[in-house]
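Let me begin by presenting the structure, written as structure tokens, before commenting on it.
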Amino acid sequence: MTAQLIDGNALSKKIRGEVAHRTAALKARGIQPALSIILVGEDPASQVYTRHKVNDSAETGLAATLERYPATMSQDELLARIRTLNADPKVHGILVQLPLPAHMDAKQVIETIAPAKDVDGFHIASAGALMVGQPGFWPCTPYGCMKMLESIGYDLRGKHAVVIGRSNIVGKPMALMLLQANATVTICHSGTKDLAALTRQADVVVAAVGKRNVLTADMVKPGAVVIDVGMNRDDAGKLCGDVDFEGVRAVAGWITPVPGGVGPMTRAMLLVNTLEATERASA
Ligand code: GUN
């Protein structure tokens, strides 16, 4: 058996089309959805990511502004800028690209963003809303994974989902979203004793560790859905995920590729959250 691919590029294209449509409807009412992105410092990966976010926005009709500041910017200056954006009714979403320079306190920076504009879903209020099942903003990566499961018509009710990784940005919110969809959820991490014994029981595995070959074919139940959040480089410098793709695809029922899987979905869900923030502010 060879697993079917869940194509993140195709699905994200469809979602971006829907965003463009809803954005046009808002514009017809005189509302321009707007996202402010703040980049502090010169981190090369962050420069690439923020450029993508600006381009994706422009393509769907959202107005994204990239504000770049030197790494020497003070924490107080950054907080003041965020407060100004919080108070600006023309700005619907605020995203501070991470990582921040070492002298800054990322936690305080994120908590300064108005929850109503927290399109990354990183604010403690967004995390709390997800935990108790109230409306808020879901972090883009696990939100994108849920959309991928939805796209194959997968009913999570009563299924066993195993999440490998417990970060605040992916693992923990992923587990809560799966739980909200009535899956039975196990969270595994570096302290888990027998990872393979747990993943072998899983109907759905989400690998979000940031390490190659965390999930291999012998760890997967035949027919399982495998979602690969990892973004790593192999020995040849080629992009790869956390899953041994070639091995696991021979066992799984569905699998997401890297690249072209979760990555484009993360980008698409930022647009969805920005649009949602605009619609809520304009209701
Ligand atoms: N750095 C890497 N990924 C992200 C992201 O999704 N949001 C922010 N704000 N910073 C990041």
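Order of listing sets the numbers, starting from 1, for every ligand and every atom in it. Predicted model, so just to flag it, every value in this text is computed and none were measured.
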Would you say Leu5 ends up clustered with Met265 if hydrophobic residues are merged whenever their side chains have heavy atoms under 4.5 Å apart, either directly or through other cluster members?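 No.
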What protein heavy atom lies closest to atom 5 (C) of ligand 1? Include the residue and the distance to one decimal.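 For atom 5 (C) of ligand 1, the nearest protein heavy atom comes out as Lys53 NZ, 3.7 Å.
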Are there over 12 heavy-atom neighbours, none belonging to Met231, within less than 6.0 Å of that residue's CE? no
Inspect the surroundings of CD1 in Ile124 and state if more than 12 heavy atoms from other residues, nucleotides or ligands are less than 6.0 Å away. no
Side chain, backbone, both or neither: which part of Asp120 comes within less than 4.0 Å of ligand 1 when only heavy atoms are counted? side chain
What part of Met269 sits under 4.0 Å from ligand 1 if we count only heavy atoms: the side chain, the backbone, both or neither?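 The answer is neither.
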Consider every N or O of Leu95 and every N or O of ligand 1, then say whether any pair is closer than 3.5 Å.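 There is no such contact.
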Would you check whether Gln97 has a nitrogen or oxygen atom less than 3.5 angstrom from a nitrogen or oxygen atom of ligand 1? yes
Considering Leu100, Ile94, Ile110, Leu98 one by one, which has a heavy atom nearer to atom 10 (N) of ligand 1 than any of the others? Leu98
Between Phe137 and Arg280, is there a cation-pi geometry (under 6.0 Å to ring centre, at most 45° from the normal)?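 Yes.
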What atoms of ligand 1 come within less than 4.0 Å of a heavy atom belonging to Val96? 8 (C), 9 (N)
Given side-chain hydrogen bond (donor to acceptor under 3.5 Å, both in side chains), test Thr186 with His160 step by step and report yes or no. CA-CA 8 Å; Thr186 302; His160 185 194; 2.7 Å; yes
Look only at the side chain of Thr23 and the backbone of Gly61, and say whether a donor-acceptor pair between them is shorter than 3.5 Å.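 No, because the side chain of Thr23 does not come within donor-acceptor range (under 3.5 Å) of the backbone of Gly61.
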